[in-house]
Protein chains: 2
Amino acid sequence: MKTPSSSIQDYLKAIYELAEECAPEPVTTSLLADRLGLARPSVTGMLQKMASTKPGLVEYLRYQGVRLTPAGEKVALEVIRHHRLIESYLSEALDFPWDEVNHEADQLEHVISEALEDRIAQKLGYPELDPHGQPIPARDGTINKRQEIRLSELPEGSVAVVCRVSDQDPAILRYLDQIGLRLSTPIEVTDRGPFDGPLHVRVAEEPTTHALGRSVTDRVYVLQAEEASRSSTNG
Amino acid sequence: MKTPSSSIQDYLKAIYELAEECAPEPVTTSLLADRLGLARPSVTGMLQKMASTKPGLVEYLRYQGVRLTPAGEKVALEVIRHHRLIESYLSEALDFPWDEVNHEADQLEHVISEALEDRIAQKLGYPELDPHGQPIPARDGTINKRQEIRLSELPEGSVAVVCRVSDQDPAILRYLDQIGLRLSTPIEVTDRGPFDGPLHVRVAEEPTTHALGRSVTDRVYVLQAEEASRSSTNG
DNA sequence: TCCATAAGTTAGGTAAGACTAATAATGGAA
DNA sequence: TTCCATTATTAGTCTTACCTAACTTATGGA
């Protein structure tokens, strides 16, 4: 199969990530448009084109959305592998801060060769997690999923360890870094307001608590007690 | 000034390199088409577009060719800086062989950010030469030119040091590597046939000589005695 | 000097991939 | 069950950068 064009790769990646994050299956046209920063009709057009000219990658359901086929998911995971390896490399080898690597990797992921990817993976010692704790798919398209839950779903009083943070919003990443909430950091939910109000979280050894809104707590994933001990985090 | 599109950057770079290599000023449409792997009418069209929509970058002379203005040359040198820094990084940090870095860098040079370029330059210790001995332009667009001459212009019997090799043809680079002709290698012209026949060259300490055709000797640059001592080569 | 050939340009077309404005389907509330 | 707001799609353009075929200019021998 010929390598799909850069634009199609972006669509596949976005579909995969949205499906994983919010799971309104099938993934909706406007959600995709928002994520990609495109007008909705552009997305409709592209989805129809993908469904007709690359049969077998996506399943497009008129007025409902789009779903990846196993083949489409494999392509998406290849792109994501590139992306996360590049993020890791930028962070490890070139000291990029974790809020900048996503943007940079978005550009690089489409032009990197397999040979370069191999060298990078080798130099890094074949890492399994990127700088945000996101699992790096293997070359064969398999990916390790852990028993992580969203910080927003953590019950009051419970203690857990941060294991993964969405890399989408640099501002959030900068904020998390600033309050000391990084990968492997143990945290405690000291207070959840009613419904989906802000969560009060105490970080590691520090005395102060921070009130975190939904935009943050939905993008931070944690491992609870037992699960945490089974898995070690690395960049 | 907005960053010229990737395609325009390729044209500017190619114009600069062709002018430097062969100097039929102005650079001819078909030379450009060959270098870029495009049909001639495509090049004509692009040159006209550049001349009209980006005035000040190139001077286009109908039926004659194209020349860079100082501003156009500056943009070209920025692209070339990206390219050569990337080549250097791939070679130094990721152990890429010198015949592969050009191709890889062609892809990467358009998507690398200034921030990433800076990190790379810093990690490498601000190198002045790329893996082929080509000077890396400074950020302000200045470039160091040495008193190099083509191997094909070296008189019979003279001894010189290889200081630069064109990175355009991977096969030539592999061949040179194979016969031991690398940067800083001293060589001697043992015999030049009549006119532009093959040059017989002896490499460093080795006894055997090699007959090199014009396609090679025009792409290898050397420094003679005095000049060689003024300049040291590094990757 | 003339003309064949090489080199360059014009004309017209295609493919991606995006956009806006207008139209149609969907689904929740009254 | 009807209606309306939301969401999705169609229709029609635009831009970029390429292509081929046909035509034009330039050039260097006879």
Side-chain angles (χ1 to χ4, degrees), chain A residues 1-15 18-19 22-55 57-67 72 75 79 106-107 109-111, chain B residues 1-15 18-19 22-55 57-67 72 75 79 106-107 109-111:
Chain A
M1 186 205 312
K2 224 182 89 187
T3 297
S5 92
S6 147
S7 166
I8 287 182
Q9 290 181 9
D10 283 336
Y11 278 82
L12 293 173
K13 181 176 117 182
I15 294 166
L18 288 173
C22 348
E25 279 263 44
V27 171
T28 236
T29 303
S30 12
L31 220 49
L32 259 177
D34 283 357
R35 166 73 66 126
L36 295 168
L38 299 176
R40 287 193 276 253
S42 310
V43 173
T44 299
M46 191 65 182
L47 291 180
Q48 290 176 342
K49 192 185 171 185
M50 283 167 67
S52 69
T53 71
K54 317 266 170 181
L57 289 185
V58 298
E59 189 183 348
Y60 170 63
L61 302 140
R62 216 148 155 275
Y63 285 105
Q64 299 187 63
V66 68
R67 210 191 312 262
V75 175
V79 178
D106 271 341
Q107 306 299 120
E109 67 191 14
H110 301 300
V111 301
Chain B
M1 185 205 314
K2 225 181 91 188
T3 297
S5 93
S6 148
S7 167
I8 287 182
Q9 290 180 8
D10 283 336
Y11 278 82
L12 294 173
K13 182 175 113 179
I15 294 166
L18 288 174
C22 348
E25 279 263 44
V27 172
T28 239
T29 303
S30 11
L31 219 50
L32 260 176
D34 283 356
R35 166 74 63 125
L36 295 168
L38 300 176
R40 288 193 276 252
S42 310
V43 173
T44 298
M46 191 65 182
L47 291 181
Q48 290 175 342
K49 191 185 172 187
M50 283 166 67
S52 70
T53 71
K54 317 264 171 180
L57 289 185
V58 297
E59 191 184 348
Y60 170 62
L61 301 139
R62 212 148 158 273
Y63 286 106
Q64 299 188 62
V66 68
R67 209 191 313 261
V75 174
V79 179
D106 271 341
Q107 305 300 119
E109 67 191 13
H110 301 299
V111 301

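Excluded from the calculations below are hydrogen atoms, water molecules and symmetry mates; all remaining heavy atoms, backbone and side chain alike, are included. These numbers come from a predicted model, not from an experiment. Chain letters run A, B, ... following the sequence lines, proteins first and then strands; every chain starts at 1.
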Using a cut-off of less than 4.0 Å, is there contact between a side-chain N or O of [X] and OP1 or OP2 of [N]?
{"X": "Y11(B)", "N": "dC18(D)", "answer": "yes"}
{"X": "S42(A)", "N": "dG17(C)", "answer": "no"}
{"X": "S5(A)", "N": "dG17(C)", "answer": "yes"}

Interatomic distance, [X] [atom1] vs [N] [atom2] [rounded to whole Å]:
{"X": "H110(A)", "N": "dA16(C)", "atom1": "NE2", "atom2": "P", "value": "17 Å"}
{"X": "Q48(A)", "N": "dA15(C)", "atom1": "CD", "atom2": "P", "value": "18 Å"}
{"X": "L31(A)", "N": "dT6(D)", "atom1": "CG", "atom2": "C1'", "value": "14 Å"}
{"X": "L47(B)", "N": "dT10(C)", "atom1": "CG", "atom2": "P", "value": "11 Å"}
{"X": "M50(B)", "N": "dA17(D)", "atom1": "CE", "atom2": "P", "value": "10 Å"}
{"X": "Y63(A)", "N": "dT23(C)", "atom1": "OH", "atom2": "P", "value": "13 Å"}
{"X": "K49(B)", "N": "dT16(D)", "atom1": "NZ", "atom2": "C1'", "value": "5 Å"}
{"X": "L36(B)", "N": "dT16(D)", "atom1": "CG", "atom2": "P", "value": "19 Å"}

Next on the checklist: Going by the rule salt bridge (charged side-chain N to carboxylate O under 4.0 Å, His left out), which residues pair with D34(B) if we only count those two or more places apart in sequence or in a different chain?
Outcome noted: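 D34(B) satisfies salt bridge (charged side-chain N to carboxylate O under 4.0 Å, His left out) with no residue once adjacent residues are dropped.
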
Next on the checklist: With nearest nucleotide decided by heavy atoms, which residue, S7(A) or R62(B), maps closer to the 5′ end of DNA chain C?
Outcome noted: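 This one resolves to R62(B).
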
Next on the checklist: Both L38(A) and Q64(B) contact DNA chain C. Taking the nearest nucleotide for each, which residue is further toward the 5' end?
Outcome noted: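 On the 5' side of the pair lies Q64(B).
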
Next on the checklist: How long is the straight-line distance from CG of L61(B) back to CG of L47(B), given to the nearest 0.5 Å?
Outcome noted: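 Separation between the atoms: 10.5 Å.
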
Checklist entry - Is the backbone of M50(A) close enough, under 3.5 Å, to the side chain of T53(A) for a donor and an acceptor to pair up by distance? => result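 Checking the backbone N and O of M50(A) against the side chain of T53(A), no donor-acceptor pair under 3.5 Å is found.
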
Item to check | Full working for side chain to side chain contact (heavy atoms under 4.5 Å, CB included) between I8(A) and K49(A) | outcome: CA-CA 10 Å; I8(A) 287 182; K49(A) 192 185 171 185; over 6 Å; no

Next on the checklist: Once you apply a heavy-atom cut-off of 4.0 Å, does T29(A) come out as touching a base, just sugar-phosphate, or nothing?
Outcome noted: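 Touches sugar-phosphate only.
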
Next on the checklist: For a 4.5 angstrom cut-off between non-hydrogen side-chain atoms, does T28(A) reach L18(A)?
Outcome noted: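 Side chain of T28(A) against side chain of L18(A), heavy atoms only: no contact under 4.5 Å found.
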
